[in-house]
Number of protein chains: 2
Amino acid sequence: MASKVRSDVTMADVAAAAGVSRTTVSFVLNKRQAGIPEETRTRVLEAVSTLGYRPNAGARALASQRSDWIGLLTEIVTAPFAVNVIKGAKDRAWADHKYLLIASTDDNVTDAAGLADQTVQIEKLLEQRIEGLLLAATWHRAITVPDVAREVPTVLVNCFDAAGEFPSIVPDEVGGGVVATQRLVAAGHTRIGFITFEDDIPAGQGRLRGYTRALEAAGLPFEPTLVTGGDATALGGYDAANRLLDRAERPTALFCGNDRMAMGAYDAIKERGLSIPGDLAVTGFDNQELVSAYLRPALTTVALPFEEMGAAGVATLTALIQGEEVPSLQTVSCSLLERSSV
Amino acid sequence: MASKVRSDVTMADVAAAAGVSRTTVSFVLNKRQAGIPEETRTRVLEAVSTLGYRPNAGARALASQRSDWIGLLTEIVTAPFAVNVIKGAKDRAWADHKYLLIASTDDNVTDAAGLADQTVQIEKLLEQRIEGLLLAATWHRAITVPDVAREVPTVLVNCFDAAGEFPSIVPDEVGGGVVATQRLVAAGHTRIGFITFEDDIPAGQGRLRGYTRALEAAGLPFEPTLVTGGDATALGGYDAANRLLDRAERPTALFCGNDRMAMGAYDAIKERGLSIPGDLAVTGFDNQELVSAYLRPALTTVALPFEEMGAAGVATLTALIQGEEVPSLQTVSCSLLERSSV
DNA sequence: GCGAGTTACTGAAGCGCGTTAGTCCCTCGA
DNA sequence: TCGAGGGACTAACGCGCTTCAGTAACTCGC
C-alpha cells in the first residue's frame with residue numbers, strides 16, 4: 001500500500017530506507033545488468049513501494065538527456081471522428097515506453113494565423129524536449145508545415161507536404177474506392193453510380209480512381225454520366241442522388257463519396273418510395289459512426305484507418321529518431337465495414 | 001530568425017553572448033520586477049533570439065518545483081463528440097500559463113480492468129509532476145475515482161463520484177430540458193411528447209424533470225402517456241416515436257432525449273408522410289453535430305457545454321491548487337441551438 | 001564627506017536523477 | 001602468503017535551471 005501523501009519522496013529517501021546508496025537504487029530501477037544480488041534488489045524495491053516513491057520524470061530527463069516524449073499536434077479537436085489517431089498513437093507509444101504530449105490547434109486553417117498558432121504550440125512542445133513530432137490532420141490533404149518543425153524529427157499523419165520533405169502516412173483512398181465498388185459488383189450490380197466531391201482533394205481523386213479501377217477489373221464499362229459531384233454534405237448528396245435517379249436508366253447501386261453524402265442520398269431514395277438495399281444498394285466512405293451506424297438501414301461503408309495511421313506514425317517516428325531510413329510516403333489500407341445497405 | 005539547429009543552447013550560452021550572468025538571464029526571462037535596465041534586458045533578449053534559445057521546461061520545473069502542468073485523463077477518445085472538453089480546458093489553461101498533459105483511457109469501463117488502466121495512466125502523469133488532475137467522462141454519470149487521484153488536487157468533468165468527495169463540473173440537464181420544451185411551447189404547441197431513455201442515468205432524469213418543469217411553468221398539464229422510453233439509439237427513437245404517433249390524439253411536437261433518438265423519430269415521422277416542422281416539431285438533445293446538423297430538416301437541439309465544462313474544470317482546479325475553497329458541484333447551462341425542426 | 005539607501009548585477013547552492021570512475025573486500029590459484 | 005580478479009557497492013559530477021544571499025558602485029541628504 002503506497003503512501004497517500006503528495007509524493008516528495010526522492011531516490012535518496014529510498015536509498016536511506018534500503019540502506020544503500022542512491023546509485024544502487026538507480027541501478028535497480030533502471031534494471032542495470034548484474035552486480036546487484038537479488039537480496040539487495042528486493043530490499044530496494046520494497047523501500048520503493050512502502051515509501052510510495054515515484055521517479056521524477058523531469059529530473060530523469062535532465063540527467064539522461066532523453067525525455068521519452070513524443071509530441072502530437074493535431075487539429076482533430078475540431079473534427080471528432082478523426083480522434084482515433086490519438087488512440088493509435090498512444091497505444092503504440094506506450095508499448096515502446098514513449099509518451100505522448102498532445103497539443104491541438106483550434107482550426108484546420110492553413111493561413112498565416114493558423115501557422116502562427118501551430119508554431120507556438122510546437123515551440124511549447126520543444127520546450128518539453130520532445131524527441132520527435134507527429135503532425136496529424138483532420139482530413140487527408142497537403143499541408144504547410146511550420147518551419148519550427150524542422151528542429152526535430154517530424155512525421156505527418158493523414159496529410160503530406162507538397163515538397164515531400166517529411167515522411168507521411170496517408171489512407172489508401174484508391175484501395176478504399178476499390179473495395180467499396182467491388183462490394184457492389186459482388187452483389188451483382190452493373191450500373192453503379194458514383195457521387196463525388198466537387199472539391200479537388202485527395203479523397204475525391206483517390207476514391208474516383210478506385211471506382212474506375214474496380215469497374216475495369218470487373219470488366220464493366222465506365223459510364224461518365226453515372227458520376228456526378230456535389231458539396232461534400234448531406235444536401236450535396238441529396239441533390240447528386242436525385243440527378244442520378246432522374247436518369248432514364250437509373251443505377252441500381254450508389255457509391256457515395258462520403259457518409260454525409262450517403263445520408264442525403266438516403267433521403268432522395270426514400271422520397272421516391274424506393275427501398276435500400278432492395279431497389280438501390282448504397283455504400284459510403286469514412287465510417288463516421290454517428291452517421292453510418294445509425295442510418296436506417298445501417299450503412300455499409302469504408303473505414304478510414306485512423307488508429308492504424310496513428311500507430312504507423314509513431315513507429316515511423318521512432319525509427320526516424322533512431323536514425324533509420326524511413327519511406328517518404330506510406331499508405332494504410334481502408335477496410336470495408338459491412339452493414340445493411342448492400 | 002532563430003537558429004535551425006536542434007536546440008542545445010543553454011542559458012549559459014545566452015549569458016555569455018549577452019555578457020551577463022546566468023542569473024540575469026533568468027531574471028529577464030522570468031520578468032523579475034525592477035533592477036534590470038531596459039538596455040540589459042534587450043541585450044539579453046537579442047541573444048536569446050539570435051541563438052535560438054529555448055528554455056528547458058524539465059530543468060525549470062526541477063529548479064522551481066512548479067511544473068505548470070495539469071493532467072487531463074479522458075475516455076473521450078472513444079466518444080468523439082465530447083472532445084471539446086479538451087479544447088475548452090486547453091484554451092483556459094494556456095491563458096493561465098498552464099499546460100495540459102493529456103492521457104486517455106481506452107474505454108469508459110468502470111470495472112477493475114478499466115480502473116487499473118486509469119491508475120497506470122495517472123501514475124505516468126504523476127511522474128511528470130502534474131500539479132492537478134482533471135478526469136473527464138464521455139457521458140454524464142457517476143464514476144469510481146482511482147485511489148491514486150487522491151495524491152494530487154483533482155476535479156471531475158462531466159461526471160461525479162458518488163461520495164461527493166471531489167469537486168465536479170456537470171451539465172445542467174434540467175435546464176436543458178426546460179429550454180428545449182419551452183421552445184416548443186413558444187411555438188404554440190400544447191401536446192408535446194417526450195422520448196426518454198430506458199436507462200436510469202442523470203441525462204434521462206434531468207431532461208425529463210426539465211420537461212415537466214417547463215410544462216408546469218407554462219400551465220400545461222403533464223400527460224404521462226405522452227412520455228415513452230426506449231434505447232438511446234436511432235432505433236429506440238424510431239420505436240418510441242411510432243408509439244407516440246399511434247395515439248388517438250397524437251402530439252404535435254416531440255422532444256427527443258437525444259439526437260440519435262431524434263434521428264429515428266425523423267424516420268418514423270417521414271414514413272407516415274408527415275412533415276417536419278409542419279405537422280410535427282422536433283427538438284433533440286446533445287448536438288451531435290454530425291447528426292443534428294445534417295438531418296433534413298436540420299435539428300433544433302440543445303448543446304451540451306463541453307467546451308465550457310473543460311474551461312470550468314481548469315479554473316476550478318487552478319483554484320483548488322492554490323488552496324482556495326471550491327464548490328463541490330457546479331452545473332453549466334446547456335443552450336438551445338435553433339435550426340429548422342421547430 | 002559619510003553613512004544609508006538604491007540600482008545593477010553575480011556566485012553558488014541545490015532541485016532529483018544518471019553515470020563514470022572509482023573503492024573496498026572477499027575469494028582463489030600458485 | 002601474496003597478488004590478481006571480480007563482485008558489490010559508492011562518491012561525486014553534471015544535466016539546465018531558479019533563487020537566496022550577497023557585492024560593488026552609485027546616488028543623496030545633511
Side-chain angles (χ1 to χ4, degrees), chain A residues 6-45 47-48 51-69 97 124 126-131, chain B residues 5-45 47-48 51-69 97 99 124 126-131:
Chain A
R6 177 88 176 88
S7 172
D8 30 22
V9 179
T10 79
M11 253 177 63
D13 300 323
V14 175
V20 297
S21 73
R22 281 195 358 248
T23 308
T24 302
V25 175
S26 177
F27 282 1
V28 169
L29 292 178
N30 295 314
K31 310 199 175 24
R32 263 299 193 82
Q33 59 281 13
I36 294 173
E38 203 49 37
E39 197 266 326
T40 310
R41 183 181 304 275
T42 61
R43 197 146 38 88
V44 168
L45 292 177
V48 163
L51 292 179
Y53 169 71
R54 218 182 279 298
N56 181 320
R60 182 206 298 262
L62 230 206
S64 67
Q65 300 291 82
R66 298 177 309 106
S67 67
D68 289 340
W69 283 113
H97 301 283
K124 268 298 164 194
L126 289 175
E127 288 186 9
Q128 302 301 327
R129 294 302 186 262
I130 51 169
E131 297 178 354
Chain B
V5 190
R6 177 90 176 87
S7 174
D8 29 24
V9 180
T10 79
M11 251 177 62
D13 300 323
V14 174
V20 297
S21 72
R22 288 207 337 262
T23 307
T24 302
V25 175
S26 176
F27 282 1
V28 168
L29 292 178
N30 295 314
K31 308 198 174 27
R32 264 299 194 83
Q33 58 281 11
I36 294 173
E38 205 48 39
E39 197 267 327
T40 310
R41 182 181 304 274
T42 60
R43 198 147 36 90
V44 169
L45 293 177
V48 163
L51 293 179
Y53 169 70
R54 218 182 278 298
N56 180 319
R60 181 207 296 263
L62 228 208
S64 67
Q65 301 290 83
R66 298 176 309 106
S67 66
D68 289 341
W69 283 115
H97 302 281
Y99 304 94
K124 267 299 165 194
L126 289 175
E127 288 185 9
Q128 301 300 327
R129 294 302 187 263
I130 51 169
E131 297 178 351

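Protein chains get the first letters and strands the later ones, always in sequence-line order, with residue 1 at the start of each.
- Here the C1' atom of nucleotide D:dG16 and the CZ atom of A:Arg129 are 9 Å apart, to the nearest Å.
- For D:dT18, one of the phosphate oxygens OP1 or OP2 lies less than 4.0 angstrom from a side-chain nitrogen or oxygen of B:Ser26.
- Here D:dT18 presents its C1' atom at 12 Å from CG of B:Leu29, a figure rounded to the nearest Å.
- Within the nucleic acid shown, B:Met11 comes within 4.0 Å of at least one base atom, counting heavy atoms only.
- Note: CZ (B:Arg60) to P (D:dT19) measures 10 Å, nearest angstrom.
- With rounding to whole Å, B:Asp8 atom CG is found 12 Å from D:dC15 atom C1'.
- Closest to the A:Ala63 side chain, of the nucleotides C:dC9, C:dC15, C:dC17, is C:dC17.
- Whole-Å rounding puts the B:Phe27 CZ to C:dT7 P distance at 15 Å.
- Side-chain contact check for B:Ser21 and B:Thr24: at least one donor-acceptor pair (N or O, by modelled atom type) lies under 3.5 Å.
- Remark: C1' of D:dG6 and CD1 of A:Ile36 are 15 Å apart, rounded to the nearest angstrom.
- Nucleic acid contact for A:Thr10: sugar-phosphate only, since backbone atoms but no base atoms lie under 4.0 Å from a heavy atom of the residue.
- The nearest whole Å value for the distance from the CD atom in B:Gln65 to the C1' atom in D:dG16 is 14 Å.
- Contact annotation: side chain of A:Arg22 to base of C:dG16, donor-acceptor pair absent below 3.5 Å.
- Atom CZ in B:Arg66 sits 15.5 Å away from atom CZ in B:Arg129 (nearest 0.5 Å).
- Of the candidates C:dC17, C:dT10, C:dT19, C:dT10 carries the atom nearest the B:Thr24 side chain, counting heavy atoms from C-beta on.
- Judged by distance alone, with hydrogens and angles left aside, A:Thr23 brings a side-chain donor or acceptor within reach of the base of C:dT19, the pair sitting under 3.5 Å.
- At C:dC15, none of the side-chain N or O atoms of A:Asn56 fall inside 4.0 Å of OP1 or OP2 (strictly under the cut-off).
- Of the residues near DNA chain C, B:Pro37 and B:Ser64, the one whose nearest nucleotide (by heavy atom distance) lies more toward the 5' end is B:Pro37.
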Practice prompt. Please report the C-alpha distance between B:Arg60 and B:Asn30 in whole Å, then the side-chain angles of each, then the deciding distance to 0.1 Å, and finally whether the side-chain contact (heavy atoms from CB on, under 4.5 Å) criterion is met.
Written response: CA-CA 11 Å; B:Arg60 181 207 296 263; B:Asn30 295 314; 3.2 Å; yes
Discussion item. A:Val44 vs A:Arg41, test: side-chain contact (heavy atoms from CB on, under 4.5 Å). Steps then yes/no.
Written reply: CA-CA 5 Å; A:Val44 168; A:Arg41 183 181 304 275; 5.9 Å; no
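- Qualifying side chain to side chain contact (heavy atoms under 4.5 Å, CB included) partners for A:Ala16, counting only residues two or more places apart in sequence or in other chains: none.
- Nearer the 5' end of DNA chain C, as judged by each residue's closest nucleotide, is the contact made by B:Thr40, out of A:Ala59 and B:Thr40.
- We find that CZ of B:Arg66 is positioned 20 Å from P of D:dG16, with the value rounded to whole Å.
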